[in-house]
Structures are given as structure tokens and as C-alpha cells.
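What follows is a set of notes on a single structure, which appears directly below.
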Amino acid sequence: MHKVLIVDDEKPVRIAISKLGQWAKWHLEPPLYASDGKEALALLSELHPDLVFVDMHMPVMDGTEFLRQASARNPHAAFIVISGYDDFSYAQSAIHYGASDYLLKPVIADELNEAIGRVMTLRYPDEDFSVPEASEAALSASEVVDLIHDIIESQYSENMRIQDFADKYFFSKEYLSRLFKSRYQLGIYEYLTMVRMKRAEELLKDPSIPISDISARVGYPDNNYFSKAFRNYRNMTPSEYRREQIGRTP
């Protein structure tokens, strides 16, 4: 089995790469971690990893300097850059020091595993990678984000905690939040609020439904809290919105 090292100062990113990678499929051991380039160089000398993921923007020693030293010390290792910056200069530095691939955060499962596959098949053409991996996570981070989205759309009146999803599917809540925002342009709770407020707007158009009932139906047991949330969203109270809508009714 080949060894993997993940070098990134962001713990959620390290966890995400670890969970999303199909390590057994590519004959790779579960990854080891380093939080900065200096720590990673020490591990490189001790462990001699075959595949290294490296962030370009880190404290103590940035990715460019790490790649420069690491590629000289361990010429047999393959490097995949993970960066939060779509910057040509970063990509150019990575290529100059021998990086095999360049991926942007947030890490997407398909992109990650395609990059791993390209590296492993190129580096080890005689190995048989056709045996299916036995131990995959039940859901990828991308699938968990889709699940959260669907639950918000259908169960917006229920109390939601991101931590519950993080604990159940073994991803950090920070990473799930970041991936959700990347896909839907709003944070998870911002999206939940939007769905609730849009439903409240529909219900407020019917004057026969008490505002307190609407509050409970869209997930706010406290009517005062609902009024405050609606005012922040619509810049008017629920009562003002209702009067405005009724006034527009022919």
C-alpha cells in the first residue's frame, strides 16, 4: 500500500479530503496529516509518502516553498495542490515544482478522485486498480449537502442543526457549510430562513390565517422572533406585509 500525506492548516479541509478520497481503490493507506510545510517536511523524511496533498497558502511555510524543498528531497513523491485561490501564479509555481494536479477548494469528491486516479495510474501503470473499494463512506460530502438542501425544502418548519449532519456523516460542520454555500450561494441557515420567509409570504396573503399560526407553520414557535426575522428579511413586519398584499388584491 502507498502512503498519503495531507498538508493543510485548515482542519475541515484535511477531514474532507480524508473522507472523500477512495484510498483503498487506489492502493493507498488512510492519509496522515500536517498543518504546515515545516511539519510536513519532517514527516516526509520519516514516512516517505508516495502522494502528498498540499495547500498553497499556509502559515510558517507556504505551499510554494514547501513544494520547492519537498520535490528536491522526495523526487519519487507525487504532489497534488489544493488551493482556495484560482490564481495563475500559484498554479504556475505548483507546476514549476512538479505538482501533478491543481484542485480548488471546496474539494469535490469526483474531482479529487479523478486527480488521484490520474496520478496513480501514471505513476504505477503495472498495478491493478480494478478491484472495487470495500470501505466507502455511506454518503459523500456533496451528497450530504444535497440531502440538507432537500430537507430544508421539505421540512423547513422543523428545528435543524448542522452539527447533527456533521456527526452522522463524519464531516465537519464548517466544511459542509462552506460546500453548501458554494453550491447554493447562501449559507445553510440563510437558505433555511429564505425558504421559511417565502412560505410565510404566501401564507400572509390569506387574511383568514392568524399570524401566530403562520409563525408556527414556518418553524418559529415564538411569534415575536418570527416578526423580527420577517422584518429583517422583508424590511417590514408580517402585519405590514399582509396589509400591503391585501391592498393590492383587486
Side-chain angles (χ1 to χ4, degrees), residues 10-20 82 84-86 103-112 136-250:
E10 296 182 79
K11 185 177 179 180
V13 176
R14 299 198 301 266
I15 293 173
I17 296 172
S18 179
K19 295 295 183 183
L20 296 176
I82 307 288
Y85 301 89
D86 188 6
L103 302 177
L104 292 175
K105 298 176 183 179
V107 179
I108 306 301
D110 289 345
E111 295 176 359
L112 173 68
E136 291 279 13
L139 290 178
S140 70
S142 180
E143 290 169 329
V144 173
V145 163
D146 288 339
L147 176 63
I148 293 171
H149 174 267
D150 292 344
I151 288 175
I152 288 174
E153 291 285 342
S154 61
Q155 301 176 35
Y156 52 81
S157 63
E158 303 290 332
N159 187 32
M160 271 193 59
R161 292 178 66 249
I162 303 173
Q163 189 63 52
D164 293 340
F165 293 95
D167 292 342
K168 183 174 182 179
Y169 297 107
F170 305 102
F171 295 98
S172 75
K173 65 180 182 180
E174 293 84 2
Y175 182 72
L176 291 176
S177 299
R178 198 175 340 177
L179 188 57
F180 188 99
K181 188 167 187 177
S182 174
R183 181 167 300 179
Y184 297 107
Q185 288 72 57
L186 289 173
I188 293 173
Y189 290 121
E190 290 175 304
Y191 193 89
L192 174 61
T193 298
M194 181 191 72
V195 171
R196 286 174 167 177
M197 293 300 108
K198 285 187 174 181
R199 178 57 178 155
E201 286 175 349
E202 294 173 6
L203 295 171
L204 285 166
K205 293 174 184 178
D206 184 345
S208 68
I209 306 175
I211 290 177
S212 59
D213 288 355
I214 294 173
S215 172
R217 286 171 66 172
V218 298
Y220 296 94
D222 186 324
N223 190 44
N224 290 330
Y225 188 68
F226 165 65
S227 295
K228 182 178 180 180
F230 191 91
R231 186 168 59 248
N232 288 338
Y233 179 78
R234 257 292 180 182
N235 202 29
M236 63 177 68
T237 67
S239 297
E240 290 169 342
Y241 181 83
R242 168 168 278 176
R243 286 194 296 269
E244 181 182 86
Q245 295 303 308
I246 292 173
R248 290 178 181 176
T249 303

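Identified under the ring-ring contact (aromatic ring centres under 6.0 Å, His included) test for residues 193-215, with sequence neighbours left out: none.
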When you look at Glu10 and Arg178, which way does the side chain to side chain contact (heavy atoms under 4.5 Å, CB included) test go after all the steps? CA-CA 12 Å; Glu10 296 182 79; Arg178 198 175 340 177; 3.1 Å; yes

Trace of the side chain to side chain contact (heavy atoms under 4.5 Å, CB included) decision for Ser177 with Ile188: CA-CA 6 Å; Ser177 299; Ile188 293 173; 4.1 Å; yes

Would Glu111 and Leu20 count as a side chain to side chain contact (heavy atoms under 4.5 Å, CB included) here? Give the steps. CA-CA 10 Å; Glu111 295 176 359; Leu20 296 176; over 6 Å; no

Apply side chain to side chain contact (heavy atoms under 4.5 Å, CB included) to Arg217 and Leu203, showing your working. CA-CA 9 Å; Arg217 286 171 66 172; Leu203 295 171; 3.5 Å; yes

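Ionic pairing of Arg199 and Glu202 is present here: one or more N-O contacts between side-chain nitrogen and carboxylate oxygen are shorter than 4.0 angstrom.
Within 6.0 Å of the OH atom in Tyr189, the count of heavy atoms belonging to other residues, nucleotides or ligands exceeds 12. Crowding of Asp150 atom CG: a count of heavy atoms from other residues, nucleotides or ligands under 6.0 Å exceeding 12.
Here the straight-line distance linking atom OG of Ser215 with atom CG of Asn223 works out to 4.5 Å at 0.5 Å rounding. From Lys181, atom NZ reaches atom CD of Glu190 across 5.5 Å, with rounding to the nearest 0.5 Å.
At a threshold of 4.5 Å between non-hydrogen side-chain atoms, the residues Lys198 and Tyr233 count as touching. Side-chain contact between Leu147 and Glu143: absent, with no pair of heavy atoms (C-beta onward) separated by less than 4.5 Å. With contacts defined as side-chain heavy-atom distances shorter than 4.5 Å, the pair Ile108/Leu179 qualifies. Between Leu204 and Arg234 the shortest side-chain heavy-atom distance does not fall below 4.5 Å.
Heavy-atom minimum distance, Ser142 versus Arg183: OG-NH2, 2.6 Å. Taking both residues in full, the closest heavy atoms of Pro238 and Phe230 are given as N-CD2, 3.7 Å, listed atom of the first, atom of the second, then distance. The two atoms that bring Ile82 and Val107 nearest to each other are CG2-CG2, 3.9 Å, heavy atoms only. Residues Ile17 and Leu112 approach most closely at O-CD2, 3.9 Å, considering heavy atoms. In terms of heavy atoms, Lys205 sits closest to Pro207 at O-CD, 3.3 Å. Of all non-hydrogen atoms in Arg242 and Ile209, the two that sit nearest each other are NH2-O, 2.8 Å.
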Please report, to 0.1 Å, the donor-acceptor pairs under 3.5 Å made by any side chain of residues 159-166, with sequence neighbours excluded.
residue : atom : partner : partner atom : Å
Arg161  : NH1  : Asp164  : OD1          : 2.4
Gln163  : NE2  : Asp167  : OD1          : 2.7

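The aromatic rings of Phe180 and Tyr191 stand perpendicular to each other, their planes meeting at an angle above 60°, with 30° marking the opposite boundary.
At distances below 3.5 Å, not a single donor-acceptor pair connects side-chain atoms of Ser227 with backbone N or O atoms of Thr237. Listed for the Arg231 side chain is no donor-acceptor partner under 3.5 Å among the backbone atoms of Phe226. Of the possible donor and acceptor atoms, none in the side chain of Ser18 sits under 3.5 Å from a partner among the backbone N and O of Arg14.
Applying the side chain to side chain donor-acceptor pair (under 3.5 Å) criterion to Ser154, with sequence neighbours excluded, gives no partner residue.
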